[in-house]
*Asks:* 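Attaching a single structure in structure tokens format; questions to follow.
Positions are given from 1 along the sequence.
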Amino acid sequence: MLVIAPHCDDEVLGCAGTIQEVIGAGGQVMVVTMTNGDGFTFAVEEQVHQIFLTRDDYIQSGYARQNELLRALHRLGMDEKQIAFLGYPDRGLRALWTDYWDKGQPYQSRYTGKDHSPYSNSYQPNTPYAGEAVMDDLEAIIREFKPNVIFSPHPADEHPDHAATWSFISAVVTKVANNGILPKPKLYTYLVHRGDFPIPHGYSPEAALLPPKPLYYYSYSRQWQVYTLTSEQESIKENALNEYVSQLRVPIMSSLLRSFIRRNELFEEVDIPAAVSQTSDLELAEINTWENQQPILVYPKSVSVLGALARQARVEALACAVQDTSLWFRFYIPGFSEHHNQYQVLVISFQLNKGTLTRAKRTFSFSTSSTDVVQENIKRLNEDVIIKIPFADQELPDYFLIQILTKDRWGVTIDHTAWQQIQIKHSQMPN
């Protein structure tokens, strides 16, 4: 069992009972933390008892959180050999996923001021803050540990570090599986940060964790798994969480952490949809050609105030097809023609060639009035937009992740989907 945690404490919040179960059954558990949580200003202020913080204060807070994690996991039956600290920047993982990929042009943390890991115990000392380095570290760990089950953050987690962690692990697992190096492990996700989860909020040890309704009713989200904790496991989990003193000192974090002391833990098994190749003669620009194709829905994310106020003209469904060397997308947007929202689509694609992974990023925008897509490659309908994205020969990806941002007429983001992975299946669907 491999547990991927964006910050020190997420592994206990999401998986403490399951970790105990696996260890008790004689299994092996490894916990990997992406960051040391060194960007939480409120916690650092409480730790050093001053308002004006230095960069070294943030680094020392990272070491303090590492020690809390070691004590917490020791209570669950783990030792230091089973733990890896990657040392990437807290509140910076999204930037590494989207914009700072090249090791030669790393991201600089606004908290520590570093563009590489300053921690002496990082999995790769002095690792540059770059998406490419994250992928390398995660792949090396998976190759060495050979997990048959991985637990990572849920795609619909609202914290940018959690969403980016999901994106990285999703991309790495697919690469390893497609290369045929290892059997594909089962991938489960746990949810921590979302406005409508957990309910009730706060310390309720007799209550159960239940999935948010929008995620439960999503068509690909019917594989929720409930792991019921024994009273002993629940007590040990609470004791483990109590080791995170730096977080419990901050009232809003204390309430969140204690919300996960419940009768059960909750996971969703991941199902990665595929876009199937279509014949060259099929008119994908016509809406009727999409009627028999299963839509690939993306997770709803609108639990913010702005999202709640702007319920119309948001992307509710996405379908995808492959034709020759182009990707086709159909966006279903009820109320599209009546609103002036803007839509920005981010596509991060991966192509495998003899074990080498090539990554590319594309961004395109559209609205009812303007777009940066070539005119002949876009078709607007009352509640649908169909867009063709051509690739050069030999550059069609093997898989990609996509996110859609909905913005109002002033450019303010009012809604965004989770990062959804889509694999490209090189066979034809029936028309």
*Asks:* Could you check whether any side-chain heavy atom of Tyr227 comes within less than 4.5 Å of a side-chain heavy atom of Asn264, counting everything from C-beta outward?
*Replies:* no
*Asks:* Measuring from Ile236:CD1 to Leu76:CG, what's the distance to the nearest 0.5 Å?
*Replies:*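 These two atoms lie 7.5 Å from each other.
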*Asks:* Looking at side-chain heavy atoms only, is the closest gap between Pro214 and Asp196 below 4.5 Å?
*Replies:*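 Counting from C-beta outward, Pro214 and Asp196 do come under 4.5 Å.
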*Asks:* Should the ring pair Tyr343 and Phe336 be called parallel, tilted or perpendicular, given that the plane angle runs from 0 to 90° and is split at 30 and 60?
*Replies:*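 Tyr343 vs Phe336 ring planes: tilted.
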*Asks:* If you draw a 6.0 Å radius around NE2 in His201, do more than 12 non-hydrogen atoms from other residues or ligands fall strictly inside?
*Replies:* yes
*Asks:* Which is it for Trp419 and Trp97 under the ring-ring contact (aromatic ring centres under 6.0 Å, His included) test, yes or no, and what are the steps along the way?
*Replies:* CA-CA 11 Å; Trp419 282 99; Trp97 169 249; 5.8 Å; yes
*Asks:* With sequence neighbours excluded, tell me which residues meet ring pair (Phe, Tyr, Trp, His ring centres under 6.0 Å) with Tyr111.
*Replies:* Tyr58
*Asks:* Of Val32, Asp137, Leu138, Ile83, which is the lone residue that meets side chain to side chain contact (heavy atoms under 4.5 Å, CB included) with Tyr123?
*Replies:*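 For Tyr123, the side chain to side chain contact (heavy atoms under 4.5 Å, CB included) test succeeds with only one of Val32, Asp137, Leu138, Ile83, which is Asp137.
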*Asks:* Report the residues that fulfil ring pair (Phe, Tyr, Trp, His ring centres under 6.0 Å) with Phe145, sequence neighbours left out, ordered by chain and then residue number.
*Replies:* none
*Asks:* Measure the shortest side-chain to side-chain distance between Ile389 and Phe364 over non-hydrogen atoms and say whether it is less than 4.5 angstrom.
*Replies:*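 Heavy-atom side-chain distance check passes, below 4.5 Å.
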*Asks:* When the aromatic ring centroids of Phe331 and Phe366 are compared, is their separation below 6.0 Å?
*Replies:*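 Yes, close enough.
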*Asks:* Just by distance, do the side chain of Tyr216 and the backbone of Leu210 share a donor-acceptor pair under 3.5 Å?
*Replies:*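 Such a contact is absent between Tyr216 side chain and Leu210 backbone.
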*Asks:* Counting neighbours of NZ on Lys186 that are heavy atoms of other residues, nucleotides or ligands and sit closer than 6.0 Å, is the number greater than 12?
*Replies:*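 Open.
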*Asks:* Regarding Glu268 and Gln225, is there a side-chain donor-to-acceptor distance under 3.5 Å anywhere?
*Replies:*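 There is no such pair (donor and acceptor under 3.5 Å, judged by atom type) between the side chains of Glu268 and Gln225.
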*Asks:* Nearest 0.5 Å please: distance from the CG atom of Leu256 over to the NE2 atom of His193.
*Replies:*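 Leu256 atom CG to His193 atom NE2 measures 5.5 Å (nearest 0.5 Å).
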*Asks:* Could you list the residues that satisfy ring pair (Phe, Tyr, Trp, His ring centres under 6.0 Å) with Tyr63, not counting sequence neighbours?
*Replies:* Tyr119
*Asks:* Decide if atom CD of Gln105 counts as having more than 12 heavy atoms of other residues, nucleotides or ligands within a radius under 6.0 Å.
*Replies:* no
*Asks:* Under the salt bridge (Lys or Arg N to Asp or Glu O under 4.0 Å) rule, collect the residues that match up with Arg71, sequence neighbours excluded.
*Replies:* Glu243
*Asks:* Compute whether any side-chain donor of one residue and acceptor of the other, for Glu68 and Ser246, lie under 3.5 angstrom apart.
*Replies:*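 Ser246 and Glu68 do have a side-chain donor-acceptor pair below 3.5 Å.
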*Asks:* Is the shortest side-chain heavy-atom distance between Glu238 and Tyr203 below 4.5 Å?
*Replies:* yes
*Asks:* State, yes or no, whether a side-chain contact exists between Ile424 and Asp398 at a heavy-atom distance under 4.5 Å.
*Replies:*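 A side-chain contact under 4.5 Å is absent here.
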*Asks:* I would like to know whether Asn121 and Gln66 meet side-chain hydrogen bond (donor to acceptor under 3.5 Å, both in side chains); could you show each step before the answer?
*Replies:* CA-CA 10 Å; Asn121 58 355; Gln66 287 182 0; 2.6 Å; yes
*Asks:* Once side-chain hydrogen bond (donor to acceptor under 3.5 Å, both in side chains) is applied, do any residues pair with Arg263, and if so which ones, sequence neighbours excluded?
*Replies:*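 side-chain hydrogen bond (donor to acceptor under 3.5 Å, both in side chains) list for Arg263, sorted by chain: empty.
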*Asks:* Please determine whether the number of non-hydrogen atoms from other residues, nucleotides or ligands lying under 6.0 Å from atom CZ of Arg110 exceeds 12.
*Replies:* no
*Asks:* Residues in side-chain hydrogen bond (donor to acceptor under 3.5 Å, both in side chains) with Gln82, at least two apart?
*Replies:* none
*Asks:* Looking at residues at least two apart in the chain, or sitting in another chain, which of them share a ring pair (Phe, Tyr, Trp, His ring centres under 6.0 Å) with His339?
*Replies:*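 Scan of His339 (ring pair (Phe, Tyr, Trp, His ring centres under 6.0 Å), adjacent residues dropped) gives none.
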*Asks:* With rounding to the nearest 0.5 angstrom, report the OG1 to CZ distance, Thr35 to Phe85.
*Replies:*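 Between Thr35 OG1 and Phe85 CZ, I get 11.0 Å after rounding to 0.5 Å.
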*Asks:* Would His162 and His154 count as a close aromatic pair, with their ring centres under 6.0 Å?
*Replies:* no
*Asks:* Taking only residues two or more places apart in sequence or in another chain, which ones pass salt bridge (Lys or Arg N to Asp or Glu O under 4.0 Å) with Lys103?
*Replies:*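 For Lys103 the salt bridge (Lys or Arg N to Asp or Glu O under 4.0 Å) partners, ignoring immediate neighbours, are Asp136.
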*Asks:* Whether Glu206 and Arg262 form a salt bridge (side-chain N of Lys/Arg under 4.0 Å from carboxylate O of Asp/Glu) is what I want to check.
*Replies:* no
*Asks:* Please tell me whether Ser277 and Gln323 have a donor and an acceptor in their side chains that are separated by less than 3.5 angstrom.
*Replies:*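 No pair is found: no donor N or O on one side chain lies under 3.5 Å from an acceptor on the other.
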*Asks:* Angle class for the Tyr100/Tyr107 ring planes (parallel below 30°, perpendicular above 60°, tilted otherwise)?
*Replies:*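 The rings of Tyr100 and Tyr107 stand perpendicular, inter-plane angle above 60°.
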*Asks:* Evaluate the criterion salt bridge (Lys or Arg N to Asp or Glu O under 4.0 Å) for residue pair Arg65 and Asp9; output intermediate values, then yes/no.
*Replies:* CA-CA 8 Å; Arg65 291 194 68 174; Asp9 69 14; 3.2 Å; yes
*Asks:* What I want to find out is whether Arg330 reaches Asp384 closely enough, with some N-O distance under 4.0 Å, to be called a salt bridge.
*Replies:* yes
*Asks:* Just checking, any donor-acceptor pair under 3.5 angstrom between side chains of Tyr88 and Thr127?
*Replies:* yes
*Asks:* Would a 4.5 Å heavy-atom cut-off, applied to side chains only, mark Leu257 and Met253 as touching?
*Replies:* yes
*Asks:* Taking 4.0 angstrom as the limit, do Asp415 and Lys407 come out as a salt bridge?
*Replies:*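 Looking at Lys407 together with Asp415, the answer is no, because their closest N to O distance does not fall below 4.0 Å.
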*Asks:* Do Phe267 and Phe151 have their ring centres less than 6.0 Å from each other?
*Replies:*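 That pair passes the under 6.0 Å test.
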*Asks:* Between the side chains of Glu132 and Arg359, is the shortest nitrogen-to-carboxylate-oxygen separation below 4.0 Å, so that they form an ion pair?
*Replies:*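 Looking at Arg359 and Glu132, the cut-off is not met.
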*Asks:* Do any pairs count as a salt bridge (charged side-chain N to carboxylate O under 4.0 Å, His left out) and have a residue in residues 162-180, sequence neighbours left out, and if so which ones?
*Replies:*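 Non-adjacent pairs meeting salt bridge (charged side-chain N to carboxylate O under 4.0 Å, His left out): Glu139-Lys175.
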*Asks:* In terms of ring plane angle, is the pair Phe400 and Phe329 parallel, tilted or perpendicular, where the classes change at 30° and 60°?
*Replies:*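 Geometry flag for Phe329 against Phe400: perpendicular rings.
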*Asks:* Under 4.5 Å between any side-chain heavy atoms of Thr33 and Asp10, yes or no?
*Replies:* no
*Asks:* What residues, two or more places apart in sequence or in another chain, satisfy side-chain hydrogen bond (donor to acceptor under 3.5 Å, both in side chains) together with Arg380?
*Replies:* none
*Asks:* How about Pro185 and Lys146: do any of their side-chain heavy atoms sit closer than 4.5 Å?
*Replies:* no
*Asks:* Using the side-chain contact (heavy atoms from CB on, under 4.5 Å) criterion, which residues pair with Phe42? Sequence neighbours excluded.
*Replies:* Phe40, Glu45, Val250
*Asks:* Can you tell me which residue among Val3, Val173, Asp157, Ile169 is in a side chain to side chain contact (heavy atoms under 4.5 Å, CB included) with Ser152?
*Replies:*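 Answer to the side chain to side chain contact (heavy atoms under 4.5 Å, CB included) test with Ser152 among Val3, Val173, Asp157, Ile169: Ile169.
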*Asks:* Taking only residues two or more places apart in sequence or in another chain, which ones pass side-chain hydrogen bond (donor to acceptor under 3.5 Å, both in side chains) with Gln47?
*Replies:* none
*Asks:* Could you tell me the separation between the CG atom of Asn178 and the CD atom of Gln351, rounded to the nearest 0.5 Å?
*Replies:* 12.0 Å
